Structure formats: structure tokens, C-alpha cells
Amino acid sequence: MPELPDVELCKEYFETTARDKRIQHVEVRDARVIKGISVPKLRQRLEKKRITSACRHGKHLLAHIEKDGFLVLHFGMTGFLQLVEKGEEQPRHTRVLFRFPAGGSLAYSCMRLLGKVSWTEDLHAYRAKERLGPDALGMDHAAFAEMLRESRGAVKPTLMDQSRIAGLGNIYTDEILFQSGVHPGVSSKKLSGNHIRKMHRALKRICTVAIRHKANPHDLPRGYLLPHRRKGAQCPRCGGNVKSASVGGRTAYFCSQCQKKL
DNA sequence: GATAGTGTTAGGGA
DNA sequence: ATCCCTAACACTAT
Ligand SMILES: [Zn+2]
């Protein structure tokens with residue numbers, strides 16, 4: 001559930017299920033996901049308060065709470081939100097339950113506990129404290145090109161560096177590099193202007209299309225790597241073998257035929 | 001039973 | 001300091 005397109009969909013889900021509602025009660029079922037604030041303080045900030053809007057920055061969902069500040073939700077690798085109506089069963093790994101006066105509640109589920117629930121009074125300060133770079137979808141070509149020129153090391157870890165560009169992770173950087181014809185291990189410094197342009201366009205296109213298709217890999221247009229993102233699968237563009245390699249400590253999947261090392 | 005996995009960060013070595 | 005790599009976190013699916 002966790003890269004930019006997924007979090008954007010979470011934001012939309014949050015808006016349709018929680019906006020303008022008042023939080024009656026916050027049930028913290030596993031305090032390990034609460035970060036940067038005590039459980040009583042967080043409850044104090046949220047209970048009886050109205051949710052007025054939501055926004056996303058990178059992989060972070062920020063829900064504006066009437067007057068006070070922002071509830072921050074991060075989903076790690078396995079987090080998601082689900083509206084639970086009265087009497088319905090809640091997700092197995094629900095860590096926090098936000099109850100509304102009408103009886104329904106919004107469950108924050110996070111199996112691996114890699115996500116977090118937090119609080120901030122100031123979006124700017126939060127961004128700085130978390131060292132979050134500009135959001136990937138809001139970055140124009142000039143900023144994107146400059147970011148790559150300033151970076152060292154392989155391009156894939158650079159794209160996943162949340163302090164340089166916020167929102168991309170292991171999966172979508174593979175798709176971006178695949179559609180741009182760039183090998184994940186290439187040094188950012190060696191990218192031509194043409195490559196950078198391709199990557200910038202691919203990033204915008206891929207995130208937008210993924211959001212439109214509910215971030216479901218099997219609903220993506222033909223030619224996308226994601227549905228074939230496993231070792232030994234066939235490249236959807238050339239029919240070659242999809243390969244994997246460890247780049248920056250994560251497993252990258254790519255087609256060595258379509259993606260050149262330059 | 002062993003292993004990998006959509007993320008992030010602390011700790012260690014160069 | 002600063003960059004880069006690895007391990008660790010917790011839990012499930014294969
Ligand atoms: Zn190919």
C-alpha cells in the first residue's frame with residue numbers, strides 16, 4: 001500500500017470517509033505505531049475535534065484537525081485505511097481505530113508495524129524534521145534535473161531518497177527506470193539530458209496512470225513492467241528475461257535488453 | 001523451515 | 001564529519 005500512488009488513493013479514501021467528521025474516540029490498539037507524541041496527548045489533540053481536509057506529501061498523509069494541527073499517517077510497507085461500520089469486522093492488524101459519532105470507525109491497519117501515526121502543528125516544520133524533499137508529482141523538470149545532477153551514486157537509490165524527492169519507492173522506481181530505458185545501477189551523474197527528460201516524463205505519467213488505475217498492477221496498460229516484476233518473467237516490451245539485482249540494498253527488477261548502463 | 005518483501009533508520013566502517 | 005552499506009524492526013506469504 002505504500003508508495004506515492006497508493007498514498008494518494010489513501011488520501012482520497014480518507015477524504016471520502018472521514019472529512020468533516022468529528023473524531024469521537026481514538027482507540028490505540030498497539031502503541032508501537034505512535035511516534036513523536038504520547039498516546040494521551042495524541043488522544044487529547046484528536047478527540048472531539050473535526051477533520052477538515054487532507055493532503056499528501058510523498059508517502060505521508062496529513063489530515064488537518066480543526067484549529068490544532070495535523071494527524072500524520074505513514075503506511076510503511078503494509079499499512080492501509082479501512083472504514084469499518086458498526087458490527088463489521090475490522091482488519092486483522094488494526095493498530096489504531098478512529099471512531100466517529102455515527103458509530104462507524106476508520107481503521108489504521110499496519111501488519112509489519114513499519115508505518116507510524118504521529119502529530120504535527122506545522123507542515124513546514126514537519127517536512128524539515130522528517131527531511132522530506134519536494135513531492136515527486138510537484139517537481140518540475142528543472143528541479144528534477146538539478147536534483148539528479150547534485151546526487152552521487154546509482155540512480156535508483158537516488159530516486160528512492162525521500163530527502164531528494166519524496167514519494168517514490170522500490171516498485172515505482174523500477175517502473176520509471178524501465179520506461180526510460182535506464183539501468184537502475186547507472187550513476188545519476190552519467191545521465192544525459194535526454195535520459196533525465198525521459199525519466200521526468202515517465203515519473204509523471206506513471207504516477208498519474210497508476211492513481212487512475214487504483215494502483216492495481218494488473219489494471220495498468222500493456223507495456224508496464226509492474227505486472228511482470230519477478231525474476232524469470234518476460235519483459236513486456238522485448239520478450240527478454242526480467243532480471244533482478246541488489247541496488248542500494250533493495251532488489252531492483254529490470255530488463256537488461258531495454259535498460260542500458262550507458 | 002528458510003526467505004523475501006511496497007520503508008526507514010541506527011550503527012559501523014571507509 | 002560524510003557517504004555508503006547492512007542489519008534491524010514484525011509479520012506473512014511462498
Ligand atoms: Zn526488454
Side-chain angles (χ1 to χ4, degrees), chain A residues 1-11 13 29-36 56-61 72-82 91-96 107-118 126-133 135-137 147-148 150-178 184-189 203 206-207 209-211 213-220 224-233 242-254:
Chain A
M1 245 303 126
E3 296 184 40
L4 190 153
D6 311 280
V7 180
E8 180 64 23
L9 292 163
C10 269
K11 190 207 86 176
Y13 185 74
R29 308 194 50 185
D30 193 323
R32 287 176 293 180
V33 298
I34 312 294
K35 306 282 184 182
R56 178 191 59 74
H57 187 91
K59 301 172 186 173
H60 297 250
L61 173 55
V72 182
L73 299 175
H74 187 276
F75 300 97
M77 285 172 121
T78 54
F80 62 92
L81 295 173
Q82 190 179 311
R92 185 163 168 194
H93 298 287
T94 297
R95 311 297 187 184
V96 182
Y108 169 85
S109 171
C110 190
M111 180 180 79
R112 291 177 62 186
L113 298 175
L114 297 174
K116 66 174 179 179
V117 174
S118 188
Y126 183 76
R127 240 193 90 168
K129 186 160 69 75
E130 295 289 309
R131 288 207 227 96
L132 292 176
D135 184 76
L137 266 186
M147 180 277 292
L148 286 173
E150 287 171 347
S151 306
R152 275 162 283 192
V155 63
K156 180 177 164 75
T158 300
L159 292 177
M160 290 197 292
D161 183 342
Q162 302 301 301
S163 72
R164 296 186 184 279
I165 175 168
L168 307 177
N170 201 26
I171 298 266
Y172 282 96
T173 51
D174 275 353
E175 187 66 53
I176 291 163
L177 293 168
F178 173 70
V186 167
S187 159
S188 307
K189 284 257 166 55
L203 145 59
I206 289 162
C207 287
V209 168
I211 292 164
H213 292 276
K214 305 296 178 198
N216 182 347
H218 299 292
D219 285 345
L220 293 171
Y224 270 62
L225 174 68
L226 287 201
H228 314 276
R229 193 182 173 277
R230 39 201 156 76
K231 219 162 149 185
V242 173
K243 293 182 174 171
S244 72
S246 180
V247 182
R250 307 298 299 278
T251 306
Y253 290 84
F254 60 98

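All figures in this text were calculated on a predicted structure; none of them were measured in a lab. Naming convention: chains lettered A, B, ... in sequence-line order (proteins, then strands); numbering from 1 in each chain.
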**OP:** Please report, rounded to the nearest Å, how far the P atom of B/dG7 is from the NZ atom of A/Lys35.
**Re:** 17 Å

Subject >> For atom CG of A/Asp161 and atom P of B/dG7, their distance in whole Å >> reply: 13 Å

**OP:** Rounded off to whole Å, could you give me the CG-to-C1' distance for the A/Leu159 and B/dT6 pair?
**Re:** 16 Å

**OP:** State, to 0.1 Å, how close A/Leu137 and A/Cys207 come at their nearest heavy-atom pair, and which atoms those are.
**Re:** CD2-CB, 3.9 Å

**OP:** Write down the atom of A/Val247, the atom of A/Pro184, and the distance for their closest heavy-atom approach.
**Re:** CG1-O, 3.8 Å

Subject >> Whole-angstrom distance between C/dA10 and B/dG11, as gauged at atom P >> reply: 16 Å

Original post:
With both distances under 3.5 angstrom, what nucleotide forms a Watson-Crick or G-U wobble pair with C/dA10?
Top reply: none

Subject >> Rounded interatomic separation in angstrom, taking CD1 from A/Ile165 and P from B/dG7 >> reply: 14 Å

Subject >> A/Ser188 to A/Leu148 - nearest heavy-atom pair and separation >> reply: CB-O, 3.7 Å

**OP:** Rounded off to whole Å, could you give me the CG-to-C1' distance for the A/Leu168 and B/dG7 pair?
**Re:** 13 Å

**OP:** Would you mind telling me which of B/dT9, B/dT6, B/dT8 lies closest to the side-chain atoms of A/Arg229?
**Re:** B/dT6

Original post:
So which nucleotide from B/dT6, B/dT8, B/dG5 ends up closest to the side chain of A/Thr251?
Top reply: B/dG5

Subject >> Nearest listed nucleotide, side chain of A/Gln162, among B/dT9, B/dT6, B/dT8 >> reply: B/dT8

**OP:** Classify the nucleic acid contact of A/Lys59 as base, sugar-phosphate or nothing, counting any heavy atom under 4.0 Å across all strands shown.
**Re:** sugar-phosphate

Original post:
Reckon A/Arg250 has a side-chain N or O less than 4.0 Å from the OP1 or OP2 of B/dG7?
Top reply: yes

**OP:** Provide, to the nearest angstrom, the distance between the CE atom belonging to A/Met160 and the P atom belonging to B/dG5.
**Re:** 12 Å

Subject >> Aromatic ring pairing A/Phe75/A/Tyr108, orientation class (parallel under 30°, perpendicular over 60°, tilted between) >> reply: tilted

Original post:
How far does the C1' atom of C/dC4 sit from the matching atom of B/dT6, given to the nearest Å?
Top reply: 23 Å

Subject >> Sidechain N-carboxylate O distance under 4.0 Å for A/Lys156, A/Asp174 >> reply: yes

Subject >> Donor-acceptor pair, side chain of A/Glu3 and main chain of A/Ile171, under 3.5 angstrom >> reply: yes

**OP:** Would you mind pulling out the nucleotide paired to B/dT6, Watson-Crick or G-U wobble, both distances under 3.5 Å?
**Re:** none

Original post:
Is the distance from OP1 or OP2 of B/dG7 to the nearest side-chain N or O of A/His74 less than 4.0 Å?
Top reply: no

Subject >> Ring centres under 6.0 angstrom apart (A/Tyr126, A/His57) >> reply: no

Original post:
A/Arg95 side chain to A/Met111 main-chain N or O, any donor-acceptor pair under 3.5 Å?
Top reply: yes

Original post:
Along nucleotides 3-14 of chain C, 5' to 3', which nucleotides get a B, which get an S, and which get a -, given that the test is a protein heavy-atom distance under 4.0 Å?
Top reply: SS----BBBS--

Original post:
Atom CG of A/Asp6 and atom C1' of B/dG7: how far apart are they, to the nearest Å?
Top reply: 12 Å

**OP:** For B/dT6, take OP1 and OP2 only and decide whether either is under 4.0 Å from a side-chain N or O of A/Tyr253.
**Re:** no

Original post:
Rounded to whole angstrom units, what separation is found between the CZ atom of A/Phe80 and the P atom of B/dG7?
Top reply: 17 Å

